[in-house]
Amino acid sequence: MSLEQFMNEAISPWLKEEGPDSDIVMSSRIRLARNFDHIPFPILAGQEELEQVVEFFKEEYEDHSFGPYKDFEFIHMSKLNPTEKRVLVEKHLISPHLSDHAKNGATLISQNEQVSVMVNEEDHIRVQLYFPGFQLEKALEQASDFDDWLEEKINFAFDEKRGYLTSCPTNVGTGLRASVMMHLPALTMTQQMSRLIPAINQLGLVVRGIYGEGSEAIGNIFQISNQITLGKSEKDIVDDLKSVVEQLIEQERNARQQIVQQNGIQLEDKIFRSYGVLANSRIIESKEAAKCLSDVRLGIDLGYINSLSKTILNELMILTQPGFLQQYAQQNLSPDERDVRRAALIRERLNLEI
Amino acid sequence: MECQECHERPASLHFTQVVNGHKTEVYVCEKCAYDKGYMSQEQDSLSLHNLLSGLFNFDSFQLSDSKSPSASHREPQSLKCGHCGLTYDEFKRVGKFGCANCYKTFDERLNPIFRRVHSGNTIHNGKVPKRKGGQLHVQREMDQKRSELQALIHQEEFEEAAKVRDQIRTLERQLDSEQREGDQ
């Protein structure tokens with residue numbers, strides 16, 4: 001299969017679109033946790049009870065559509081091989097927990113891959129909805145409509161006092177986790193993130209580096225999400241996150257301008273060196289690839305590089321993950337082999353643009 | 001900000017030490033945090049999970065001093081969910097509920113936990129499911145209108161207040177008739 005063809009199938013359609021503020025906010029996500037009211041939560045439910053949940057989803061929703069989210073595909077985890085599961089994790093359509101640990105786990109994915117429902121993860125139902133760029137309100141609105149649609153047929157575990165009941169006390173109430181994925185290279189370069197992260201934490205939000213071990217942010221990509229799910233309305237949760245993200249966007253833009261003004265030539269040099277590495281290396285580790293991709297994306301945003309499309313960072317961050325590399329190679333690869341394939345794939349992808 | 005120990009790497013961790021009431025703040029990188037003993041390697045293995053069950057252990061924590069008289073004050077042995085069989089001890093250890101009914105069974109002990117996890121909040125203030133919520137929707141709307149009414153009266157905006165008052169009456173009638181229907 002050609003790379004172009006592979007990519008067309010591999011990259012979620014919504015990810016190819018550009019959303020508002022997409023120079024900094026890569027994507028917005030809303031996740032809702034829900035449970036059936038009479039079935040024990042997956043952690044304690046019996047095999048038969050979980051089977052009941054899976055069957056219900058298959059019967060009621062397979063091949064159905066809801067608004068713009070068409071033709072839901074129903075996939076049972078037991079039907080997938082490890083590479084296929086890994087690819088779904090790398091696309092953020094399912095969690096590592098659902099892939100590796102869930103008993104009787106399944107997922108329901110809309111054709112455009114904007115909506116995925118995890119079945120029998122930590123809760124019976126985890127709805128996820130993605131939007132490109134900074135579109136938290138729209139994502140919340142659609143997630144809420146989708147939730148209403150599910151509620152037509154499902155009696156959710158709900159309590160007037162505690163709200164939507166979830167297996168983990170950290171999700172009770174709204175069951176809502178709103179998050180954005182942000183590319184913050186200038187704030188990282190100017191070492192402002194170490195100052196900002198504790199401040200953001202104080203506001204009841206969590207900052208995580210994604211694609212990294214622990215707190216390290218590989219590719220300068222950070223995920224920011226709400227911690228509190230109980231006692232605040234969905235709208236307030238999203239508004240609070242939104243206002244912090246807006247400030248971060250502004251600070252990142254300022255930091256970028258500042259670097260351009262004060263160290264323009266050094267920045268330009270850094271960007272084009274990274275471009276050179278991506279365009280020419282024969283072996284590249286994921287960490288180095290992520291760092292260079294981040295630089296190149298910044299170069300595109302600042303107008304130093306005009307020949308590449310903006311979605312290249314989003315695309316290649318996903319395509320160069322181990323699962324995708326193995327799927328493209330159609331075989332299992334050792335880490336060394338992956339570094340060679342990764343370099344080849346990146347070169348090939350850059351060539352598509354020229 | 002650079003690490004205060006090695007002055008090479010950026011500081012990624014911030015520690016506040018309080019010794020005899022004297023507070024010092026340190027900004028260090030991860031490596032120095034381990035090397036200089038601000039942090040032990042074992043902390044790495046602390047998952048959110050452990051942290052959570054640690055949070056729930058506060059009552060046993062308070063009782064841990066065996067000399068204190070409260071140590072004899074043991075919690076009742078068998079607080080157990082009648083639906084899924086999870087005991088309160090298991091819940092504290094695992095940090096997860098077994099089913100919806102656990103929330104009722106352990107209700108009295110949950111407020112301190114929720115307060116810790118959700119910045120002091122214990123009561124849901126968000127969405128209510130359409131079917132199941134029923135009257136709760138109307139009730140919520142009425143509560144909201146009532147506080148709106150108070151605010152308007154306070155601001156002496158009586159014309160607006162009268163409008164809101166009429167809206168509350170409509171909602172009250174709606175609730176009344178729904179209740180009567182429910183009784184039939």
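So that the names make sense, note that chain A is the first sequence line, chain B the second, and so on, each numbered from 1.
Distance check, rounded to the nearest 0.5 Å: CZ of A/R126 to CZ of A/R31 gives 4.0 Å. Taking NZ of A/K153 as the start and CD of A/E60 as the end, the distance is 4.5 Å to the nearest 0.5 Å.
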Quiz item: Can you check side chain to side chain donor-acceptor pair (under 3.5 Å) on A/S274 and A/D295, steps first, answer last?
Solution: CA-CA 6 Å; A/S274 290; A/D295 288 344; 2.6 Å; yes
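Across A/D236, A/L176, A/T229, A/I39, the residue that shares the most heavy-atom pairs under 4.5 angstrom with chain B is A/T229. The candidate from A/L230, A/I228, A/L44 with the greatest count of non-hydrogen atom pairs under 4.5 Å with chain B is A/L230. For the set A/G175, A/S167, A/P42, the entry with the most heavy-atom pairs within less than 4.5 Å of chain B is A/S167. For the options A/A45, A/S144, A/G204, A/P198, heavy-atom pairs under 4.5 Å to chain B are most numerous at A/S144.
By the 4.5 Å heavy-atom criterion applied to side chains, A/M182 and A/L248 are counted as neighbours. You'll find the side chain of A/Q258 stays beyond 4.5 Å of the side chain of A/T190, heavy atoms only. Residues B/Y103 and A/P169 form no side-chain contact, since every pair of their non-hydrogen atoms from C-beta on lies 4.5 Å or further apart.
Proximity to chain B is absent for every atom of A/R195, based on heavy atoms less than 4.5 angstrom apart. For A/I154, the part lying near chain B is the backbone, with the side chain staying farther off; criterion is any non-hydrogen pair under 4.5 Å. For B/D107, the parts sitting under 4.5 Å from any heavy atom of chain A are the backbone and the side chain alike. Using a 4.5 Å cut-off between heavy atoms, A/N35 does not touch chain B at all. Only the side chain of A/E122 has a heavy atom closer than 4.5 Å to any heavy atom of chain B.
In this view, A/A102 and A/L98 satisfy the side-chain contact (heavy atoms from CB on, under 4.5 Å) rule, not counting sequence neighbours.
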